[in-house]
Structure formats: C-alpha cells, structure tokens
Amino acid sequence: MRISELARQTGVTPRALRYYEEQGLLRPSRSASGYRRYDSQAVITVRHIQLLISAGLNTMAIAEILPCVPDDVTVLAPTCPELLDALAQERIRITGSIERLAAARDILDRLIEAGDRS
DNA sequence: GTTCTTACA
DNA sequence: TGTAAGTA
C-alpha cells in the first residue's frame, strides 16, 4: 500500500510516517516511481510505535527495541530482554521527570500561598 | 491526482 | 508537525 493508505488505516499522518522512516522506525520499499510501498505488516508496526510513543519512549529508544518485536505480534509484549530493559529504563527516566515536576509544583505552591497572604 | 524532497515557520 | 514549492 502507499503512504496515504497506511495513514488512513493507522490514523497517523503521512508526514509522521515519513518522519518515522527518517528515524529508522519503518523501512518501506520503493516503487519504480519512488513512492513508498508498505506491506500490511506495517499497520501493526505503526500501532506498536504509537503504543511505545504513548508510553513516553522517544524514537531513538523505539528504533532500538522495535527489531526485537516479532512481526506477527499484534499485542505488544516484552518478548526479549532488550525490550524489557528498555521499558524499565524508560520507567526510571519518567520517574525522574515526575519528581522534578513535583518539586516545581511545590515551589509554585509556596509562591502562590505567599501571594495569597500579601 | 498522488507522492517525493526540501525548506521554513 | 503543518504547509508550500516544484517534480515525477
């Protein structure tokens, strides 16, 4: 299928699909005219990509763990140590982000309370 | 008409 | 990420 069809089936814009390719997440073949050709498997792969992005992983991390996911897997699950490790690592990363945000919120709370009293 | 690349906001 | 230009 061509890019617009994959976009239709996944809800991902052609722009984003080209970006995924640029980031090494998709490897579409090319027609003689230069058009990208995606197999039906790409639909599943894009769904995996979307799921991992939803989980907060950046494209670099996804590019590293995507090859670890078998093509016939429709429900993404940690099938290899690398994937499990990448997910655990991402969890650690976002935990740090949450802590920094919470600290920022505490500061804002103090500032807001100080404002209320003056 | 659709898609491609490149580039800018 | 959206959009525009100029092609194939």
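Throughout, a chain's letter reflects where its sequence line sits, starting with A, and its residues are numbered from 1.
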Heavy atoms from other residues, nucleotides or ligands near CZ of A:Arg105 exceed 12 (cutoff 6.0 Å): no
Can you tell me how far apart [atom1] ([X]) and [atom2] ([Y]) are? Round to the nearest 0.5 Å.
X	Y	atom1	atom2	value
A:Arg100	A:Thr95	CZ	OG1	10.0 Å
A:His48	A:Leu25	NE2	CG	12.5 Å
A:Leu17	A:Thr13	CG	OG1	6.5 Å
A:Tyr35	A:Ser29	OH	OG	14.5 Å
A:Arg37	A:Glu5	CZ	CD	10.5 Å

Non-neighbouring partners of A:Ile107 that pass side-chain contact (heavy atoms from CB on, under 4.5 Å), sequence neighbours left out: A:Arg110, A:Leu111
Pairwise 5' ranking along DNA chain B for A:Ser33 and A:Arg15, keeping only the more 5' one: A:Ser33
Determine all donor-acceptor pairs shorter than 3.5 Å in which one atom belongs to a side chain in residues 51-59 of chain A; sequence neighbours excluded.
from    : atom 1 : to      : atom 2 : distance (Å)
A:Ser54 : OG     : A:Gln50 : O      : 2.8
A:Asn58 : OD1    : A:Met60 : N      : 3.2
A:Asn58 : OD1    : A:Ala61 : N      : 2.7
A:Thr59 : OG1    : A:Gln23 : OE1    : 3.3

Given A:Ile44, A:Ile49, A:Val46, the one that forms side chain to side chain contact (heavy atoms under 4.5 Å, CB included) with A:Thr10: A:Val46
Leading and trailing nucleotides of DNA chain B with any atom under 4.0 Å from heavy atoms of chain A: B:dG1 to B:dT5
Range on DNA chain C touched by chain A, heavy atoms, distance below 4.0 Å: C:dT1 to C:dA8
Contact list for residues 38-118 of chain A, test disulfide (SG to SG under 2.5 Å), sequence neighbours left out: A:Cys68-A:Cys80
Nucleotide-level pairing of DNA chain B, given in dot-bracket where Watson-Crick and G-U pairs need both distances under 3.5 Å and | marks other strands: .|.||||||
Touch class at under 4.0 angstrom, heavy-atom based, for A:Arg37 against every strand present: nothing
